[in-house]
Number of protein chains: 2
Amino acid sequence: MEKPATIKDIAKRLNISLSTVSRALRNASDVNPDTKKAVMALSEELNYQPNKLALSLRQKQTHTIGVIVPNLDYVLSLMVRGIDEVALEAGFTVMVCQSNESFGREILNTRRLLESLVDGFIISVSSESKSFEHFKKIQERNLPVVVFDRVTPHLKAPSVRIDNEEGGFIATEHLIEQGYKRIAVLAGPENLGISNSRMDGYLNALKKYKIKKDPALIVHCDFNQDYAYFATLELLAMKKRPDAIFTISDRMAIGAMLAIKKKGLRMPEDIGLVGFNNEPVTSLVTPSLSSIEMPSFELGKAAAKLFIETMHNKENMDLEEKVLKPKLIIRESSQKSPIKN
Amino acid sequence: MEKPATIKDIAKRLNISLSTVSRALRNASDVNPDTKKAVMALSEELNYQPNKLALSLRQKQTHTIGVIVPNLDYVLSLMVRGIDEVALEAGFTVMVCQSNESFGREILNTRRLLESLVDGFIISVSSESKSFEHFKKIQERNLPVVVFDRVTPHLKAPSVRIDNEEGGFIATEHLIEQGYKRIAVLAGPENLGISNSRMDGYLNALKKYKIKKDPALIVHCDFNQDYAYFATLELLAMKKRPDAIFTISDRMAIGAMLAIKKKGLRMPEDIGLVGFNNEPVTSLVTPSLSSIEMPSFELGKAAAKLFIETMHNKENMDLEEKVLKPKLIIRESSQKSPIKN
DNA sequence: ATCCTTGCCGGTAACGTTGTCGGAATGGAT
DNA sequence: ATCCATTCCGACAACGTTACCGGCAAGGAT
C-alpha cells in the first residue's frame, strides 16, 4: 500500500516483459487480447498510475501550461478559470503565477516556469513591463506563447483580447448621448496597451461627435483607487471642470466616485461616470456604476483554445488575433435621461 | 541555441565524465578546483539549467506543493499569495487548483495533483464537502497535508486558521454595546466549520450579556449574496423583527444590506449590520460596512511555513494548530453612538 | 518442403540526473 | 623499495517510461 505501483511490478507479477505491459496499457496494437485483459485487470487492482515524471522526461513534454497574470482580481481570476477549464479538458495542467504587476517578478516567474519545463505560456503582461526580452527567450526555445487581455505589439504572438477601442468608444458615446459635454478620461499607465486603446476609443467618439479634444481632460494615473481619487479631485478643481468621467477600470471609477462625493457633487446629475470591467462592485455602490462588461470567462477559454491550436500547428500559423466584443451596462451613475427605446 | 544544454554536453566538450560534471556543479567535494572552474565556466556559457524532471524522477521529490482552494475571492487569493511567497523562498513551486466549492471537483483536483506527484498539500476545504476520504488517501501515501482557513475536525492534519469564534464574539459584542437588542445571525451552510464557529462566538456573546437565544434569529443559508438577500427579507418580515444582523461573510452582508434598503430601513439607526472578511467592498458601499478583518496574507504565509515544518519533521509532529486573531473594523453600518474612548 | 506474412513478444537503449563503488595516480612515510 | 592514505575521476546502475528492432512460432500460399 506504500509506494505506487509501476509497470515493472505488473510485469513481474504477470511474468511478462516491461514492453508488453507498456503496450498493453496504451494503444494495445500488437498485443494478445488475453494478456491485455490480464494487464488491465492487474493494473486496476494495483491502482496503477503512470508516473508523469518519467513520461515527461521520456517524451519531452510535461503537458503543463505556464500562466502568468499581473494579479488575480475579479476579471483575471475569471479568465484563469476559463483557461483552466479548457486546459484540463485537453489534458493539460496549468501553473498560475502572479507577477503582482512587477516587471522583476514577471521575469522571475518566466524563469521558474521555464525551469519547470512547461510546454508553453499563456500570458497577460504586467503594467510595469516595458521590455519583453524575457518573453522572447521563451520563443527562442520554440515554445508556444499566447498573450491575452493585456496584449502588446512588442511581442509577436497569437493573442486574445477584447476590443478595447470599441469599449472606450461605446462608453464615451453613451456619455455624449446622455448630454454630457466635457468628458474627461482617467487612463492608466502610459505604456499599458489596453489603457491606450480604451483612450483611443474615447478619442474616436469625440471625433465622431465633433467634440474638440481637450488635453487637460486626459489624465494618466496609476491603476489604483487612491491615485484615481486624487486625480479626480484635481479634475474637479479645474475652472471649467468636466461634467463626466470615463475611467478605464472600475477600481479607478470607485476612486473617482469617492472624490466626486467628497466634493458634494451628485451623479448622474452633476457628473456622469462610466467604469470598465463590470465587476460585481458596480451594482453595490451608490449610485450604481455604469461599466463596460467583458466576457472574461470566455476570453480565458478562447486563450487556452488558441494556445492548443498554436501548439499543434506551431510553425505555419499566422499570428492569429482573436477579438471579443465588450458591452455597455448602463446603471445610475451615467443615466441622466430615462432609457430610450 | 535550440535545445537546452545538459550535463552530457558539458562533459563531452570538456572531455570528462558525467559524474565529474555532476559533482562539480553541486557540492564540489572530491573534484579538482581547476576542473570545477572549467565546468562552472562552461555551464555558464551554455546557460545550463538542470533538468527538473530528471532530478525529480531521480530523487523522488518534485519540490511542488499542491494547493486546493474553494475559490479565488479576495481573501483566498491573498492567502494564496502568502503561500506562494513563502514557498518560493523555500524553493518550492505551488500548483493552485480551484474546487469551485464543489465536492466532485475537489476530488478531481486531488487526483490530478497526486498524479502530478506533488510533495504535499495545502488545503482549504470546499463548503460542499462532507466526506474527506479523498484527503485521507493523500495521507496514506505519507504525504504531508496542512489545512488552512476552512479547517475541519474530520481531517487530522496540522492547521492554520483564524479564531472564528472570537470573530463572531467581538462582532456580536460590538452590536450589543451599540445598544442593539434583537441580534440575528446569517450563517452559512450547516456543515461548514468556520460558519459554525462564528455562530458559536455569537452565542457566547449573547450568553455573556445574558441575552436569550432566539432560534428564529438564527438563519442558515448559502454562502451567497442572493440567498442572503431573501433570507434577510424574511427576517425583516417577522412580527418582532431583529434590530441587528451579523453575517458570517461580507458577501452575505451585502445581500442583507440590499434587502434592508429595499424595506426602506436605515442603517445603523433601524438595523445594525456587521460582516466578516473586511473585503475592500466594505468601505465602498453606503453605508460603509463594519466587518471582521483577518490577516489573510499572514495566514497564507503561516500555512506554507507550517507545511515546510511538517514536511521535515514528518513523523513525530503533534498536530499543530495555529490560530490567528481577527479584528473588528467599525464602520457606519453598526455605529449608532459616537466612538467611545 | 520452402517461403513469406502475420501476430505476438522481449531486449535494449534512451530521456537527464545522481549515488555508489572501485580504481588510477600521486606523494609522503616507513 | 614498499606501503598506505589522499585526491581525483570514471563506470555503472538506477529512477519509470517508451520507441525501436529483431525474433520466434504459427499458418497460408507456392
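Per chain, numbering begins at 1; letters A, B, ... match sequence-line order. Computation of the quantities below employed the complete heavy-atom set of this structure, encompassing side-chain atoms and omitting hydrogens, waters and symmetry-equivalent molecules.
Against DNA chain C, the stretch residues 45-53 of chain A makes no heavy-atom approach under 4.0 Å.
Between the side chain of A:S19 and the base of C:dG11, at least one donor-acceptor pair of N or O atoms lies under 3.5 Å.
Taking the salt bridge (Lys or Arg N to Asp or Glu O under 4.0 Å) definition, one finds that A:R23 meets it with nothing, sequence neighbours left out. Residues that satisfy the salt bridge (Lys or Arg N to Asp or Glu O under 4.0 Å) test with A:K322, not counting sequence neighbours, are absent from this structure. Taking A:S43 as the reference, nothing meets the side chain to side chain donor-acceptor pair (under 3.5 Å) condition, with sequence neighbours excluded. For the salt bridge (Lys or Arg N to Asp or Glu O under 4.0 Å) test, residues two or more places apart in sequence or in another chain that qualify with A:E321 are A:R161. With sequence neighbours left out, the side-chain contact (heavy atoms from CB on, under 4.5 Å) criterion links B:L55 to B:P50, B:Q59. With sequence neighbours excluded, no residue satisfies salt bridge (Lys or Arg N to Asp or Glu O under 4.0 Å) with A:E128.
Here B:I7 lies in heavy-atom contact (under 4.0 Å) with sugar-phosphate atoms only.
In this structure, B:T6 does not reach the C:dC15 phosphate: none of its side-chain N or O atoms is under 4.0 Å from OP1 or OP2.
Among pairs with a residue in residues 75-100 of chain B, those fulfilling salt bridge (charged side-chain N to carboxylate O under 4.0 Å, His left out) read A:R105-B:E85, at least two apart in sequence or across chains.
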Identify all pairs in which a protein N or O lies below 3.5 Å from an N or O of nucleotides 21-23 of chain D, and state each distance.
none

